[in-house]
2 protein chains.
Amino acid sequence: MPDRIPQSPSEKTVERLSLYRYLLYGILAEGERNIFSHALAAMAAVSSAQVRQDMMVLGYSGSPNQGYEVGKLIASITEFLDDGHGRNIALVGIGNLGRAILSNFSGQRSRLQIVAAFDVNWQIVNRLIHGCWCFPMEKLHGVMKEQDITLGIVTVPPAAAQVVADQLCEGGVRGILNFAPVRLRVPEDVYVSNLNITVALEKVAYFAHHGMVRVESPSREEAKV
Amino acid sequence: MPDRIPQSPSEKTVERLSLYRYLLYGILAEGERNIFSHALAAMAAVSSAQVRQDMMVLGYSGSPNQGYEVGKLIASITEFLDDGHGRNIALVGIGNLGRAILSNFSGQRSRLQIVAAFDVNWQIVNRLIHGCWCFPMEKLHGVMKEQDITLGIVTVPPAAAQVVADQLCEGGVRGILNFAPVRLRVPEDVYVSNLNITVALEKVAYFAHHGMVRVESPSREEAKV
DNA sequence: TTCTGTTTGTGAAATAACTAACAGCGTTAA
DNA sequence: TTAACGCTGTTAGTTATTTCACAAACAGAA
Ligand SMILES: NC(=O)c1ccc[n+]([C@@H]2O[C@H](COP(=O)([O-])OP(=O)(O)OC[C@H]3O[C@@H](n4cnc5c(N)ncnc54)[C@H](O)[C@@H]3O)[C@@H](O)[C@H]2O)c1
Ligand SMILES: NC(=O)c1ccc[n+]([C@@H]2O[C@H](COP(=O)([O-])OP(=O)(O)OC[C@H]3O[C@@H](n4cnc5c(N)ncnc54)[C@H](O)[C@@H]3O)[C@@H](O)[C@H]2O)c1
């Protein structure tokens, strides 16, 4: 029996699904009940074929005539992305960037919530910042266990990033979002994603001034939006 | 005559070159004069073949015996990425994230420099933040001309992002780094790159808890580092 | 000198990601 | 009732990106 291969989705697919969900909440807020692949595609700046292809990993099917039911689609993406589970996050490094991130993810009622922040600087800790309690690093392990923290965000200077990553891993973290321009060495089963703002800026600078091989055909369907 | 096709490099290649350069500065600071592709590869978390392939877009060749000369390589990447030009940047939206970015790129002596920041909030503007002067939005066009600003960073709330992008484009910007979770509509010749922190975090959450098709072979060369 | 080790540069092979194309199917309009 | 339409699911095809593999190059040892 040729069993269905599990076919775990690519990183890009997961990124797009996350984006679709965000966009769909906007649609829903505007009172729309249904949406077609090409409309969602236009908002996400991808092709409609891409949207439909991405949907294949979800169990949910749209109707050829009504398109996708926005509410159902959000539910499907949510079930796919986080199984209905919420995840608790620790942020380490309450500097400029750390604080900015706290301001966005701390108060949120979302599935992904920063429940504790940590820093070595004693002048910063033991108080609430953007609604998130800040602990000294000594408390990291204990708080992670107490709060069932499984994800970490690293916003410390590059020199401290590896040490912090080690501590997070020891605390049982399963994934890390790293803003320090350093390649973190972690156990095999810990997932790391790096977000390098400097690199992003240099990329913009390059293509802004050297031009790009532009998408030759605006591909009718995107153009008409 | 089979002329050399221009073959503009992919976005990924540019990103990696930027990263290589960053890493190479670190190498240089440690006093190393030369480096092999596999060592650089390990630091950048890519394969050595990838490194060598990326180097092909530069004019510079390493020596089979000594590897790459760090100083020369930095110079080559710099010439390739920015032609020796510095670029002046405007940041719009001096909120939590905007301030964090100012703290990193404002004081810097780098080729990429944030020379002015803008906001609609009158309580914020007309003062120095992290060494960068903050102007009211009304001054945007004038300051952009005066300071020869060609790049913009957008850190305003999603609802304001398109308006801000329009203003930047009218001011003559060539590229935009956008942190708002919105697809910006800009003229054909303006390059836009989006950095969506929420999406990045959700990707980490997904792969942390659902696992990934791990790179099956650590490919000897990476493993031995 | 000659042999040995290793590394680079590079085209070819292999993967991965995206796009095109179309069968199938409700819905609507006669 | 039937035909026409527009959209989805899906597979096949295309393009982009990465890895492989190996000739050529060079330093050092003998
Ligand atoms: N702010 C940006 O725009 C930006 C851009 C690119 C990269 N980054 C990177 O993001 C990271 C944070 O940037 P930032 O601007 O917030 O820096 P920052 O200096 O403002 O903050 C760093 C914080 O980390 C804390 N810290 C230092 N060592 C620590 C340790 N061992 N354990 C716990 N906490 C520790 C410090 O006390 C400080 O509060 C850096 O790695 C930086 O390179 C930031
Ligand atoms: N901080 C984060 O971690 C984070 C994460 C994900 C996304 N983002 C996005 O980044 C952007 C900025 O986030 P933030 O946390 O800094 O928000 P913020 O509310 O702290 O700052 C927004 C700033 O933009 C200014 N502003 C509003 N409208 C403007 C206009 N028309 N022209 C000029 N300035 C204007 C406001 O006065 C304010 O100073 C938002 O789009 C947010 O969705 C931030």
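Predicted, not measured: the structure shown is a model, and the values here were computed from it. In what follows, every chain begins at residue 1, and chains take the letters A, B, ... in the order their sequences are listed.
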When you look at B:Asp148 and B:Arg87, which way does the salt bridge (charged side-chain N to carboxylate O under 4.0 Å, His left out) test go after all the steps? CA-CA 8 Å; B:Asp148 187 27; B:Arg87 305 295 180 189; over 6 Å; no
When the distance from CD of B:Glu11 to P of D:dT17 is rounded to whole Å, what number comes out? 8 Å
Can you tell me the distance, in whole Å, between the CZ atom of A:Phe36 and the P atom of C:dG26? 15 Å
If you compare every side-chain N and O of B:Ser37 against the phosphate oxygens of C:dT7 (OP1, OP2), does one of them come in below 4.0 Å? no
Check every atom of C:dA17, D:dC20, D:dT17 against the side chain of B:Ser10 and return the nucleotide holding the closest atom. D:dT17
If C:dG5 has a Watson-Crick or G-U wobble mate with both distances under 3.5 Å, name it; if not, just say none. none
Check the distance between D:dA27's P and B:Asn65's CG and give it to me in whole angstrom. 6 Å
Give A:Thr13 one of three labels, base, sugar-phosphate or nothing, depending on what nucleic acid heavy atoms sit under 4.0 Å from its own. nothing
Start with the C-alpha gap between B:Lys203 and A:Glu11, add the side-chain angles, then the distance that decides, and say whether salt bridge (charged side-chain N to carboxylate O under 4.0 Å, His left out) holds. CA-CA 7 Å; B:Lys203 183 177 74 168; A:Glu11 301 201 359; 3.2 Å; yes
Considering only C:dG9, D:dT10, C:dA17, which nucleotide approaches the side chain of B:Tyr68 most closely? C:dG9
OP1, OP2 of D:dC22 versus side-chain N and O of B:Arg52: anything below 4.0 Å? no
Heavy-atom donor-acceptor pair, B:Gln50 side-chain to D:dT17 base, under 3.5 Å: no
Checking base pairs now: Watson-Crick or wobble, both atom distances under 3.5 Å. What partners C:dC18? D:dG13
Indicate syn or anti for C:dG11, taking the glycosidic torsion and treating anything within 90° of 0 as syn. anti
For B:Met55 and C:dG11, what is the distance between atoms CE and P respectively, to the nearest whole Å? 18 Å
For A:Gln66 and for A:Met56, locate the closest nucleotide of DNA chain D by heavy-atom distance; then report the residue assigned to the nucleotide nearer the 5' terminus. A:Gln66
Could you go through the side chain to side chain donor-acceptor pair (under 3.5 Å) check for B:Tyr20 and B:Glu15 one step at a time? CA-CA 9 Å; B:Tyr20 298 155; B:Glu15 285 179 3; over 6 Å; no
Distance below 4.0 Å between A:Ser47 side-chain N/O and C:dT19 OP1 or OP2: yes
Length of the CG-P vector between B:Asn34 and C:dT6, whole Å: 18 Å
Do any side-chain nitrogens or oxygens of B:Ser61 fall under 4.0 Å of OP1 or OP2 in C:dT8? no
Tell me: CG of A:Asp54 to P of C:dT19, nearest whole Å? 11 Å
Evaluate the ring planes of B:Tyr206 and A:Phe80, with Trp represented by its six-membered ring, and classify them as parallel (under 30°), tilted (30 to 60°) or perpendicular (over 60°). parallel
Round to a whole Å and report the spacing from CD of B:Gln53 to P of C:dA12. 12 Å
Between C:dA20, C:dG24, C:dG9, spot the one nearest the side chain of A:Pro64, thanks. C:dG24
I want to check one thing: is the phosphate of D:dC26, taken as OP1 and OP2, less than 4.0 Å away from some side-chain N or O of B:Ser63? no
Treating A:Asn196 as the side-chain partner and A:Ala200 as the backbone partner, does any N or O pair qualify as donor plus acceptor under 3.5 Å? no
From C:dT8, C:dA17, D:dC26, nucleotide with atom closest to A:Lys12 side chain: C:dA17
From the candidates D:dT19, D:dC7, C:dT8, the one with an atom nearest any side-chain atom of A:His38 is D:dC7
Please tell me which of the listed nucleotides, C:dT27, C:dC18, D:dT18, lies nearest to the side chain of B:Arg16? D:dT18
Can you tell me if A:Ser76 uses its side chain to pair, donor with acceptor, with the backbone of A:Lys72 under 3.5 Å? yes
